[in-house]
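To keep things clear, I will list the structure first and then write my remarks on it.
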There are 2 protein chains.
Amino acid sequence: MPDSAKPLALNPRRNIAREVLLSLRAEIISGQLQPGDALAEPVLAKQFGSSRAPVREALIELEREGLVQFELTGRTKVRTLTEQDFDEIRDARVALESLAARRASAKWAPKDSAYLEQNIAQQAKASTLAELSRLDVEFHEYVLRLTANKRLLTLWQSIRWQFEMCLASTHRLQETLACKPHQITVSSHRHLLAALASGKPEVAAQKMALHIEGSMEWTPSETSTADHPHGLATETFRR
Amino acid sequence: MPDSAKPLALNPRRNIAREVLLSLRAEIISGQLQPGDALAEPVLAKQFGSSRAPVREALIELEREGLVQFELTGRTKVRTLTEQDFDEIRDARVALESLAARRASAKWAPKDSAYLEQNIAQQAKASTLAELSRLDVEFHEYVLRLTANKRLLTLWQSIRWQFEMCLASTHRLQETLACKPHQITVSSHRHLLAALASGKPEVAAQKMALHIEGSMEWTPSETSTADHPHGLATETFRR
DNA sequence: TGGTTTTAAAGTGTCGACACTTTCATTCAA
DNA sequence: TTGAATGAAAGTGTCGACACTTTAAAACCA
C-alpha cells in the first residue's frame with residue numbers, strides 16, 4: 001500500500017508528556033499555580049485525563065527547569081523563589097549571556113541589527129507588561145542563538161523559565177505601581193544593541209553583563225521570604 | 001511502638017532509577033558503551049533486572065547530560081561527540097567558569113588556596129590519566145562550589161559528564177602517545193591558582209578562560225566525524 | 001479538654017501489559 | 001540478480017495495579 005506521499009514524514013508519536021509539561025509550565029508562570037502548591041501525580045493525571053507516567057515525566061522536566069521542587073519525602077511542590085534565588089539567576093544569566101554577546105558580536109551581520117531593532121520597536125509599542133517581557137526574552141534568545149552553540153543555548157534555556165517566573169511575579173506587583181516604564185527597558189536594549197553591533201566583542205560582553213544586572217533589580221515580592229532549605233537539585237534524581 | 005531513635009531518619013525510598021543512571025553513565029564514560037551503541041529500554045531493563053520505568057528515567061537524565069541522544073524515531077543511542085561538540089563544551093565551560101572564577105576570587109580565603117594546592121600536589125603524583133583528570137575536575141568543581149551559587153553549579157554539572165566523556169576518550173588515545181604530560185596540567189593549574197588567589201577578580205576570570213581554552217585543544221578522536229545531525233535537544237522532550 | 005495512639009487516605013516508586021510504530025529479514029515479482 | 005512487498009521481531013508511549021511510605025484525620029485514654 002504505497003500511501004499518498006509519505007517520504008520522510010515520520011509519524012509524530014503521541015506525546016502527552018509534552019502537553020502536560022507545557023500546560024503546567026504555563027500555569028506556574030502565569031501564577032495560576034502558586035509557589036508552594038502541591039503537585040501530586042495522581043491528581044494531575046486525573047486532571048489531564050492521562051495516566052501518571054506522562055505527568056511524572058513532565059514533573060521531572062519542570063524540576064530541571066527549576067519551576068518545581070522535590071521534597072525529601074518525594075512530594076512535589078511549585079518552587080518558591082527567594083531573593084537569593086533571584087540573585088543566582090541573574091548571575092547565571094550574566095555568565096551565559098556575556099559570553100554569548102562576545103561570540104555573537106564577533107560574527108555580527110546587518111540583518112541581526114535589523115531584527116533586533118524591529119524587536120525594540122515592538123517593545124516601544126507593547127501595551128502590556130507580559131508582551132514587553134515576551135519581547136525582552138526574545139531579544140536575548142536571539143543573541144544566544146546567534147552564537148550557534150547548542151550547549152550555550154541549552155544551558156540558557158534551562159534557567160529561562162525561572163527567569164520568566166521572576167519576571168511574571170514582579171510584574172504582578174508592578175502592574176499597579178508601574179514603577180518601571182517601557183522607556184527604561186527600550187533605551188537599555190537600544191544601548192545594548194549598539195554595543196553588540198559595535199564590532200568590539202569585549203565591549204559587547206561587558207555591556208551585556210551591565211544590562212542584565214541593571215534589568216534584574218530585586219523588588220520585594222509577595223512570596224514569603226520563607227526559610228525553605230533552598231534545595232535546587234544539585235544531586236541527580238528526586239530527593 | 002516508639003522505635004529506637006527515629007527522629008528525622010527519613011526512610012530512604014528505593015531508587016532503582018538512580019542506580020541505573022550511575023551504572024550507565026560509568027559505562028559510557030569508561031568507553032564500555034561506545035558512541036552509537038543502541039540503548040533499548042527493554043534490554044537494559046532486563047540487564048538491570050528491573051522494569052522499564054526506572055531505565056526510562058535514567059535515559060532521560062542521560063540525555064539532559066548530553067551523553068545520550070534521542071533519535072527522531074524515539075530510539076536512543078550513546079552520543080557521538082564531534083570536534084564541533086568539543087568546541088561547544090569548551091565555550092560553555094569558559095562562560096560558566098570564568099564567572100565562577102570572578103566570584104570565587106572576590107571571596108577567596110586562605111583555606112581555598114590550601115585545598116587547591118593539595119589538589120595540585122596530588123596531580124603531580126598521579127599515576128594514571130584517569131586519576132589526573134579526576135583531580136582536574138575536582139579542582140574546577142571546587143571553584144564552582146565556592147561561588148555558593150547553586151544554579152551556576154547545576155549548569156556546570158549538566159555539561160560536566162560530556163566534558164568527562166571528552167577527557168576519557170582523548171585519554172584512551174593519549175595513554176599510548178603520552179603527548180600531554182602531567183607537568184603541563186600541573187603548572188597550568190598552579191598559574192590559575194595564583195590568579196584566583198590574587199584578589200583581582202578580573203584577572204582570575206581571564207586566566208580561567210585561558211586555562212580552559214589551553215587545556216581543551218581538540219585531538220583527533222577515534223570516533224568517526226560522522227554526519228549525524230548534531231541534535232542536542234534544544235526542544236524539550238524526546239524526538 | 002488535651003495529648004497520644006490508631007486508622008484510613010493520599011502519594012510515590014516500580015511493575016507488567018497493550019497498542020502502535022519502526023526495523024529488519026524474508027519472500028515474492030520482474 | 002535485483003528490487004519491492006510482506007511479515008515478524010523489537011521498541012516506544014502510555015496505561016492501570018500493587019507495595020510501601022507519608023500525611024491527615026479519627027479514635028482513644030486520661
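For the numbers below, each heavy atom of this structure counts, side chains included, while hydrogens, waters and symmetry mates do not. By convention in this document, chain letters (A, B, ...) are assigned in the order of the sequence lines, proteins followed by strands, and residues within each chain are numbered from 1.
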Exercise. Just checking, A/Arg25 and A/Trp161: is the charged tip under 6.0 Å from the six-membered ring centre and within 45° of the axis?
Worked result: yes
Problem set entry | Candidates D/dG11, C/dT12, C/dC15 - which lies nearest the side chain of A/Ala40 | C/dT12
Problem set entry | Per B/Arg75 side chain, nearest of listed nucleotides D/dG16, D/dT12, C/dC15 | D/dT12
Exercise. Any idea which of D/dT14, C/dT12, C/dC15 is nearest the B/Ala53 side chain?
Worked result: C/dC15
For this session: Using only heavy-atom distances, determine whether the side chains of A/Asn15 and A/Glu19 contain a donor-acceptor pair under 3.5 Å.
Result: no
Exercise. Okay, side chain of B/Asp37, backbone of B/Gln34: is any donor-acceptor separation there less than 3.5 Å?
Worked result: yes
Exercise. Strictly by modelled atom types, are A/Asp136 and A/His189 linked by a side-chain donor-acceptor pair under 3.5 Å?
Worked result: yes
Exercise. Rounded to the Å, how far apart are B/Gln69 CD and D/dT12 P?
Worked result: 15 Å
For this session: Please report, rounded to the nearest Å, how far the C1' atom of D/dG13 is from the CZ atom of B/Arg52.
Result: 7 Å
For this session: Could you check how far NZ of A/Lys46 sits from C1' of C/dA10, rounded to whole Å?
Result: 11 Å
Exercise. From the list D/dA17, D/dC15, D/dG11, which nucleotide is the closest neighbour of the side chain of A/Ser50?
Worked result: D/dC15
Seminar exercise, completed: Against the side chain of A/Thr73, the closest entry in D/dT23, C/dG11, D/dT12 is D/dT23
Exercise. Using a cut-off of 4.0 Å on non-hydrogen atoms, how would the nucleic acid contact of A/Leu39 be classed: base, sugar-phosphate, or nothing?
Worked result: sugar-phosphate
Exercise. When the distance from CZ of B/Arg14 to C1' of D/dT22 is rounded to whole Å, what number comes out?
Worked result: 16 Å
Exercise. Roughly, in whole Å, what's the span from CD in B/Glu41 to P in C/dC20?
Worked result: 19 Å
For this session: Please report, rounded to the nearest Å, how far the P atom of D/dG13 is from the CD atom of B/Glu63.
Result: 12 Å
Exercise. In whole angstroms, how far is the C1' atom of C/dT12 from the CD1 atom of B/Ile16?
Worked result: 13 Å
Exercise. For the side chain of A/Pro42, counting heavy atoms from C-beta on, which of C/dC15, D/dC15, C/dG11 is nearest?
Worked result: C/dG11
